[in-house]
Amino acid sequence: MVIREGCSDDIEAVLRLWARAADGASVTDGPVGIGRLLPHDPGALLIADHDGALIGTVVAGCDGWRGHIYRLAVDPEHRRRGLASALLAAAHDRFAALGAILVDAMVEDDNTAARATYDVLGYRRHSGRSRWIRELP
Ligand SMILES: CC(C)(COP(=O)(O)OP(=O)(O)OC[C@H]1O[C@@H](n2cnc3c(N)ncnc32)[C@H](O)[C@@H]1OP(=O)(O)O)[C@@H](O)C(=O)NCCC(=O)NCCS
């Protein structure tokens, strides 16, 4: 297994993985959304690649100030083998190289696997705040 940067050739496989492995769907899950991410923040899409099979992803977005984790997802057949930990370590390396000193991730309160993963990697729940979103026209 290697962790590598994703490219436009990966978009279909990434979307297939997210459909079966991600925690819910997002309006940004689509060829257009990923197609905009790749040139905007090259290197943000990190992929766990096992002999050409895409088995995990994380979007490690960096705005030049902070790092933001999205779409951490591991193929159900490959879980509990350290893949998410390796993907997040690669994300942290990317953020550090870009000068970010703070990273955040959105985690559903009832997602026990994700909570356990972030917890073991040193993240702490930011209590007293909630995420506010709206879709743009
Ligand atoms: C959450 C997820 C990414 C974890 O991926 P993973 O590759 O299995 O995680 P790792 O193997 O790196 O686990 C690291 C540690 O996190 C904890 N952990 C991970 N999954 C866990 C689970 N289901 N239950 C309890 N602890 C868990 C354990 O401490 C684990 O170490 P251990 O296996 O030595 O005990 C994976 O379950 C997944 O893709 N879930 C669906 C998508 C999702 O919820 N993404 C997160 C959105 S915020």
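Model, not experiment: these values are computed from the prediction. When a ligand or atom number is given, it counts from 1 through the structure's own listing order.
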For [atom], grab the closest protein heavy atom and report residue, atom and distance to one decimal in Å.
| atom | result |
| --- | --- |
| atom 12 (O) of ligand 1 | Ser85 OG, 2.6 Å |
| atom 36 (C) of ligand 1 | Arg79 NE, 3.6 Å |
| atom 23 (N) of ligand 1 | Ala113 CB, 3.4 Å |
| atom 26 (N) of ligand 1 | Ala116 CB, 3.3 Å |
| atom 19 (C) of ligand 1 | Thr117 OG1, 3.2 Å |
| atom 11 (O) of ligand 1 | Gly82 N, 2.8 Å |

Check whether more than 12 heavy atoms from other residues, nucleotides or ligands sit under 6.0 Å from atom [atom1] of [X], and answer yes or no.
| X | atom1 | value |
| --- | --- | --- |
| Arg20 | CZ | yes |
| Leu102 | CG | yes |
| Arg36 | CZ | no |

Heavy atoms only: which of [options] is nearest to [atom]?
| atom | options | value |
| --- | --- | --- |
| atom 24 (N) of ligand 1 | Arg115, Glu108, Arg80 | Arg80 |
| atom 39 (O) of ligand 1 | Leu83, Leu17, Val74, Asp119 | Val74 |
| atom 9 (O) of ligand 1 | Ala84, Ala73, Gly24, Gly56 | Ala84 |

[X] heavy atom under 4.0 Å from ligand 1:
| X | result |
| --- | --- |
| Met106 | yes |
| Thr112 | no |
| Ala105 | no |

Notebook entry, point to check: Any protein heavy atom under 4.0 Å from atom 7 (O) of ligand 1?
Noted result: yes
Purely on distance, is any nitrogen or oxygen of [X] under 3.5 Å from one on ligand 1?
| X | result |
| --- | --- |
| Ala114 | no |
| Leu72 | yes |
| Asn111 | yes |
| Tyr118 | no |

Check: Is it true that Arg125 and Asp109 have a side-chain N and a carboxylate O under 4.0 angstrom from each other?
Finding: yes
Check: Do Asp75 and Arg16 sit within salt-bridge range, that is, some charged N less than 4.0 Å from a carboxylate O?
Finding: no
Margin query: My understanding is that only one of Ile69, Leu46, Val103 makes a side-chain contact (heavy atoms from CB on, under 4.5 Å) with Leu88; could you say which?
Written below: Ile69
Checklist line | Pair listing, side-chain hydrogen bond (donor to acceptor under 3.5 Å, both in side chains) test, anchored in residues 127-137, at least two apart | finding: His126-Arg129, Ser130-Trp132
With heavy-atom distances below 4.0 Å as the criterion, list the atoms of ligand 1 near [X].
| X | result |
| --- | --- |
| Val120 | 15 (C), 16 (O) |
| Ala21 | 39 (O), 41 (C), 42 (C) |
| Arg81 | 11 (O) |

Margin query: Set out, in order, the CA-CA distance, both residues' side-chain angles and the distance that settles salt bridge (charged side-chain N to carboxylate O under 4.0 Å, His left out) for Asp29 and Arg71, then state yes or no.
Written below: CA-CA 9 Å; Asp29 290 359; Arg71 282 297 181 244; 2.6 Å; yes
Contact check, side chains of [X] and [Y], non-hydrogen atoms, under 4.5 Å:
| X | Y | answer |
| --- | --- | --- |
| Leu83 | Ile55 | yes |
| Thr57 | Asp10 | no |
| Asp49 | Leu54 | no |

Notebook entry, point to check: Relative to each other, are the rings of Tyr118 and Tyr123 parallel, tilted or perpendicular (30° and 60° limits)?
Noted result: perpendicular
